[in-house]
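Let me begin by presenting the structure, written as structure tokens, before commenting on it.
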Amino acid sequence: GKTDVLVFEPKNEDCTLPALLYFHGGGFIYKAAPYHYFLAKTYARYAHCKVIMPDYRLTPTYPYPTPFNDCVQSLKWVINNSNRLNIDTNKIAIGGDSAGGCLAAAVTLYAGKNDIDLCAQMLVYPVLDYKMESSSMQKYTDTPVWNSTLSRKMWELYLKDSKVDEYASPALASEFKNIPKTYIETAEYDSLHDEGIEYANKLKSNGIDVELFNTVGTMHGLKKKKKSKTVIESVGKRTDFLRRCFR
């Protein structure tokens, strides 16, 4: 299957730029939302990079490994077409939010094992652990936007009949070869809160440079209020992280 790809770039820029390959959230079931496009433009503008957003295939029609494979192919496409896209291959970052964070973490693991050099990974309230055993998973069963009830359904559709490995559920990873500097952000009242922190700690204990930002008083997908202080702070932290990695 062919994957459509959207490319966002800063205005009036004709020199070679870094790139952020970004996988949108939506529980592996929904296409990118207007908010994802707003974010892509923000990252392109303030981190001064190209943002590449693949329209990967979705469940229930395409369970794992198809969405993951689409995302891996999009990374290879960016590298193979870097001249045409005017992208600096030494400065490719991978990012994603929610289910897109799962794909981002998985593609980063894949890249590390296959000697593809990345300069950063950015995981925003990522989905990581199909076991769903953390205390935040037990606690937030019916919070708005996202909760463990929805998580269970998401994993059922995504995993369907496939064998679960680290590319399906990155929390299973035990080897962290060649993993770049990492930014992980969590929301306080989010069933995914603990698995983000656990993954950050796992990476740290494997010697990886990790910036963990635990937002306070927030729910999953705090995006509903673009102008709120928390959103401005979070997006600022992300673009700042990307800028430093791209330098």
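The hydrophobic cluster containing I184 also contains V127, counting ILVMFWY residues as joined when their side-chain heavy atoms lie under 4.5 angstrom apart, directly or transitively.
Nearest heavy-atom pair across T141 and T149 is O-OG1, 2.7 Å. In this structure, K177 and K113 approach most closely via the heavy-atom pair NZ-O, 3.8 Å. Annotation for L128 and G196: closest pair CD1-CA, 4.1 Å, computed over non-hydrogen atoms. Closest of all the heavy-atom pairs between F241 and K181 is CZ-O, 3.5 Å. Smallest separation of non-hydrogen atoms from A104 and G96: CB-N, 3.8 Å. Residues C49 and Y43 share a closest heavy-atom pair of SG-O, 3.7 Å.
Without hydrogens or angle criteria, D97 side chain to G100 main chain gives no donor-acceptor distance under 3.5 Å. In this structure a side-chain-to-backbone donor-acceptor pair under 3.5 Å is present from S169 to Y130. At distances below 3.5 Å, not a single donor-acceptor pair connects side-chain atoms of S98 with backbone N or O atoms of P126. For S136 (side chain) and S191 (main-chain N/O), a donor-acceptor pair under 3.5 Å exists by modelled atom type. A donor-acceptor pair is defined here as one N or O able to donate and one able to accept, closer than 3.5 Å; no such pair exists between the side chain of T3 and the backbone of P54. No donor-acceptor pair closer than 3.5 Å links the side chain of D240 to the backbone N or O of G236. Between the D190 side chain and the M219 main chain, no donor and acceptor come within less than 3.5 Å of each other. Here the side chain of T218 pairs a donor or acceptor atom with the backbone of E188 at under 3.5 angstrom. Formation of a donor-acceptor pair under 3.5 Å by the N206 side chain with backbone atoms of I208 is not found in this model. The backbone N or O of E133 lies less than 3.5 Å from a partner atom in the side chain of Q138, making a donor-acceptor pair.
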Determine, step by step, whether R244 and E211 satisfy the salt bridge (charged side-chain N to carboxylate O under 4.0 Å, His left out) criterion, reporting the C-alpha distance in whole Å, the side-chain angles of both residues, the deciding distance to 0.1 Å, and the verdict. CA-CA 12 Å; R244 280 182 283 122; E211 282 178 40; 2.8 Å; yes
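Using a 4.5 Å heavy-atom threshold, the side chains of F28 and Y62 count as separate. For the pair K160 and Y64, the minimum side-chain heavy-atom distance is 4.5 Å or more. In this structure, the side chains of M122 and E185 stay at 4.5 Å or more apart for every pair of heavy atoms.
Under the side-chain contact (heavy atoms from CB on, under 4.5 Å) test applied with L118, the options N178, I179, L75 reduce to a single match, L75. Checking each of T66, D70, N69 against R57 for a side chain to side chain donor-acceptor pair (under 3.5 Å) leaves exactly one that passes, namely D70.
N81 contributes atom CG, which lies 11.5 Å from atom OG of S74 (distance to the nearest 0.5 angstrom). Rounding to the nearest 0.5 angstrom, the gap separating the CG atom in L123 from the CG atom in L212 is 10.5 Å. The distance from the CZ atom of F23 to the SG atom of C71 is 4.0 Å, given to the nearest 0.5 Å.
More than 12 heavy atoms of other shown residues, nucleotides or ligands fall within 6.0 angstrom of atom CZ in R243.
Relative to the six-membered ring of F213, K237 meets both conditions, a distance below 6.0 Å and an angle of at most 45° to the axis.
Taking the six-membered ring for Trp and the full ring otherwise, H24 and Y56 have centroids separated by under 6.0 Å.
Counting only residues at least two apart or in different chains, salt bridge (charged side-chain N to carboxylate O under 4.0 Å, His left out) contacts with residues 8-33 comprise E9-K50, K31-D55.
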